[in-house]
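First listed ligand is number 1; within each ligand, the first listed atom is number 1.
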Amino acid sequence: MARQTITLIGGGLVGALLAQLLAKRGFAVDVFEKRPDPRRSGFVGGRSINLALAERGLQALRTAGLENDVMERAVMMRGRMVHPREGSSGLQRYGVDDSEVIWSVSRGGLNMLLLDAAEAAGVTMHFGQGLAAADIDARRITLADDSGVQRDWDAPVLIGADGAGSALRAAMDDYSPLGIRVESLGHSYKELEIPPGHGANRFAIEPHALHIWPRGGYMCIALPNTEGSFTVTLFLPAHGPHPSFDTLPDAAAASAFFRSDFPDLLPLIPDFAEDYDSHPVGTLSTLYLDRWHIDGRALLIGDAAHAIVPFHGQGMNCGFEDTVVLANLLAESPNDTADAFAEFQRIRKPNADAIAAMALENYIEMRDSVADPYYLAKRELGARLAERAPQHFMARYRMVTFTHLPYAYAFERGRAQDVLLEQLLRGSTNAGDVPMDAAVAALQATLPPLPPLRHG
Ligand code: FAD
Ligand code: E0Q
């Protein structure tokens with residue numbers, strides 16, 4: 001029998017990884033990517049933009065045989081370095097020790113590595129070819145290059161990994177409504193750069209951390225790059241009263257704002273004015289769909305199906321987890337894509353919804369993380385319970401970041417644990433007020449043990 005052919009739209013992070021996994025499982029895979037080949041043209045303006053890679057994404061890269069290649073170019077982040085408005089900064093560890101850390105990776109570098117791996121597995125890449133139209137009935141698509149030249153392509157099975165602004169999603173929705181809902185966060189972002197230092201100290205600030213400057217309604221973060229630079233991201237309301245991107249239209253206004261609100265950060269960004277005026281403002285939204293597929297003909301994956309806000313650092317990780325689930329389902333029933341697609345949505349949609357909700361919650365937590373005493377008491381009591389009864393209590397952040405437990409499980413379990421913490425604290429802002437023997441007994445009586453964790 002002829003090899004089953006799959007046409008993928010989008011050769012970004014998720015598309016390139018999925019293409020490799022499918023090719024390794026015997027599918028004939030063509031990928032159409034709107035942009036030119038980044039290995040030839042260089043990545044978007046040559047800027048280095050990075051992302052946090054955690055266990056879920058790593059697990060998918062392991063499945064693809066790429067863990068070591070990626071880790072060679074990753075910078076370890078042990079925790080969150082919080083820079084308060086007043087007082088000194090401190091590291092909040094992400095996990096118990098250096099076995100529970102996350103990794104800063106270059107988006108462009110990772111994408112190029114994934115494209116190399118896809119091609120090595122036999123995938124055919126078509127760069128500079130964007131999806132312009134899709135005829136779902138005829139199972140044909142139209143592609144357009146930069147100069148507007150169009151061509152048609154037979155695509156019996158279509159998968160859209162073309163990101164938050166997915167063109168395939170729009171074409172599918174025209175054919176048969178998907179129930180699309182876009183919820184704008186109302187906050188936007190802009191990237192700035194801390195260049196490498198000279199001499200002994202290549203990194204201007206602690207390299208092995210994710211830096212956060214929380215300021216209540218807004219914040220800056222910085223992630224390290226291998227060369228010693230950091231990519232800074234400012235998150236700020238898009239509109240409205242000061243400070244917002246409306247009230248900070250240019251570098252002159254923004255540098256005065258940084259002088260007053262981020263006085264320790266501004267001197268680390270020597271090209272502030274140029275960065276601020278030349279880098280775009282990005283918008284942030286959560287995307288929900290009722291349906292991710294049209295029978296066995298077309299399916300959406302990654303951000304195209306479920307874009308989320310970035311405050312848990314899980315968008316790519318979730319999309320990578322998607323690719324392994326889908327590749328396994330398609331390999332199990334290569335001739336019943338309708339069944340594989342339906343099963344993919346059944347398994348992944350509750351998890352996508354859960355991480356979307358947790359990512360939104362994390363923004364509040366991050367930007368206010370100078371924190372209210374009640375929240376800190378809950379966290380402290382949680383840490384004590386996890387120490388005393390690790391089979392029964394695990395912080396939600398750890399479940400999301402360092403395990404493969406389904407996101408929906410982490411969300412639900414986190415909620416149940418939170419209810420218990422509030423019952424035990426009874427309004428107190430001091431975890432020391434709670435008698436621990438009784439607390440552990442209550443925990444073990446109320447919640448079933450956590451599922452066993454698979455490692456590595
Ligand atoms: P994309 O990476 O957007 O790739 C889509 C690809 O499709 C692109 O190559 C695009 O050129 C191509 N394309 C688009 N339209 C067409 C078309 N019509 N035809 C053909 N090709 C097309 N996630 C994390 O896990 N950790 C983080 O720390 C993190 N930080 C983030 C910070 C910010 C500010 C933002 C905005 C996101 C962050 N994310 C993070 C989320 C992460 O960027 C996304 O989840 C991830 O890039 C999704 O991958 P994707 O392949 O689905 O989409
Ligand atoms: C992580 C790692 C963009 C971004 C990426 C992230 C995280 C944050 C805040 C942001 C969450 C955290 N976090 O530190 O709790 O763990 O990826 Cl803003």
When you measure from atom 19 (N) of ligand 1 to every protein heavy atom, which one gives the shortest distance, and what is it? Leu131 N, 2.9 Å

Check ion pair Arg348-Glu321 (N to O, under 4.0 angstrom): yes

Tell me, which protein residue and heavy-atom name are nearest atom 43 (O) of ligand 1, and how many Å apart are they? Arg107 NH2, 2.5 Å

Any Gly282 heavy atom less than 4.0 Å to ligand 1: no

If you count the atoms of ligand 1 from 1 in the order shown, which ones are under 4.0 Å from a heavy atom of Gly302? 52 (O)

Inventory of protein N or O atoms under 3.5 Å from ligand 2 N or O:
unit_1   : atom_1 : unit_2 : atom_2 : d
ligand 2 : 14 (O) : Arg80  : NE     : 2.9
ligand 2 : 14 (O) : Tyr94  : OH     : 2.8
ligand 2 : 15 (O) : Arg80  : NE     : 3.4
ligand 2 : 15 (O) : Arg80  : NH2    : 2.7
ligand 2 : 15 (O) : Asn362 : ND2    : 3.2
ligand 2 : 16 (O) : Tyr397 : OH     : 2.5

Classify the angle between the aromatic ring planes of Phe32 and His126 as parallel (below 30°), tilted (30 to 60°) or perpendicular (above 60°). parallel

Under 4.0 Å from a heavy atom of Gly315: give me the atoms of ligand 1 that qualify, with their elements. 23 (N), 24 (C), 25 (O), 41 (C), 45 (O)

Cation-pi between Arg40 and Phe127: NZ/CZ under 6.0 Å from ring centre and within 45° of the ring axis? no

Where is the nearest protein heavy atom to atom 35 (C) of ligand 1: which residue, which atom, and how far? Pro310 CB, 4.0 Å

For Gly12, the atoms of ligand 1 under 4.0 Å from one of its heavy atoms are 4 (O), 6 (C), 9 (O), 51 (O)

Using a 4.0 Å cutoff against the non-hydrogen atoms of Gly130, which atoms of ligand 1 qualify? 19 (N), 20 (C)

Take the angle between the ring planes of His306 and Trp292 and call it parallel below 30°, perpendicular above 60°, tilted in between. tilted

Neighbour count >12 (heavy atoms, 6.0 Å) for atom CD, Glu183: yes

Pick whichever of Leu51, Leu110, Val14 has a heavy atom sitting closest to atom 29 (C) of ligand 1. Leu51

Salt bridge flag under 4.0 Å for residues Arg398 and Glu55: no

Does some non-hydrogen atom of Thr233 fall short of 4.0 Å from ligand 1? no

protein heavy-atom neighbour closest to atom 45 (O) of ligand 1 works out as Asp303 OD1, 2.8 Å

What protein heavy atom sits nearest atom 21 (N) of ligand 1, and how far away is it? Lys34 N, 3.2 Å

Is it true that, when you exclude Glu387 itself, more than 12 heavy atoms of the residues, nucleotides or ligands shown sit nearer than 6.0 Å to its CD? no

Taking the six-membered ring for Trp, are Tyr276 and Phe272 parallel (under 30°), tilted (30 to 60°) or perpendicular (over 60°)? parallel

Pick one of side chain, backbone, both or neither for how Gln314 approaches ligand 1, counting any non-hydrogen atom pair under 4.0 Å. backbone

Keeping the roles fixed (side chain from Ser104, backbone from Pro224), state whether a donor-acceptor pair exists under 3.5 Å. yes

For His211 and Glu206: C-alpha separation, side-chain torsions, deciding distance, then whether side chain to side chain donor-acceptor pair (under 3.5 Å) applies. CA-CA 8 Å; His211 294 263; Glu206 165 60 43; over 6 Å; no

Could you tell me which residues satisfy ring-ring contact (aromatic ring centres under 6.0 Å, His included) with Tyr189, sequence neighbours excluded, listed by chain and number? none

Near Phe32 (heavy-atom distance under 4.0 Å), the atoms of ligand 1 are 20 (C), 21 (N)

Between the side chain of Lys349 and the main-chain N/O of Asp290, is any donor-acceptor distance below 3.5 Å? no

Can you list the ligand 1 atoms lying under 4.0 Å from a non-hydrogen atom of Arg35? 8 (C), 9 (O), 11 (O)

Output the list of atoms in ligand 1 that are nearer than 4.0 Å to some heavy atom of Ala161, sorted by atom number. 5 (C), 6 (C), 7 (O)

Looking only at non-hydrogen atoms, the one of Gly163, Ala164, Gly319, Ser166 nearest atom 53 (O) of ligand 1 is Gly163

Non-hydrogen atoms of Ala118 and Ala16 that approach each other most closely: CB-O, 3.8 Å

Take Thr142 and Asp152 through the test side chain to side chain donor-acceptor pair (under 3.5 Å) and record every step on the way to the result. CA-CA 4 Å; Thr142 305; Asp152 286 350; 3.0 Å; yes

Atoms in ligand 1 flagged as close to Ile9, the criterion being non-hydrogen separation under 4.0 Å: 19 (N), 20 (C)

Closest to atom 27 (C) of ligand 1 (heavy atoms only, candidates Ala52, Ala305, Ala132) is Ala52

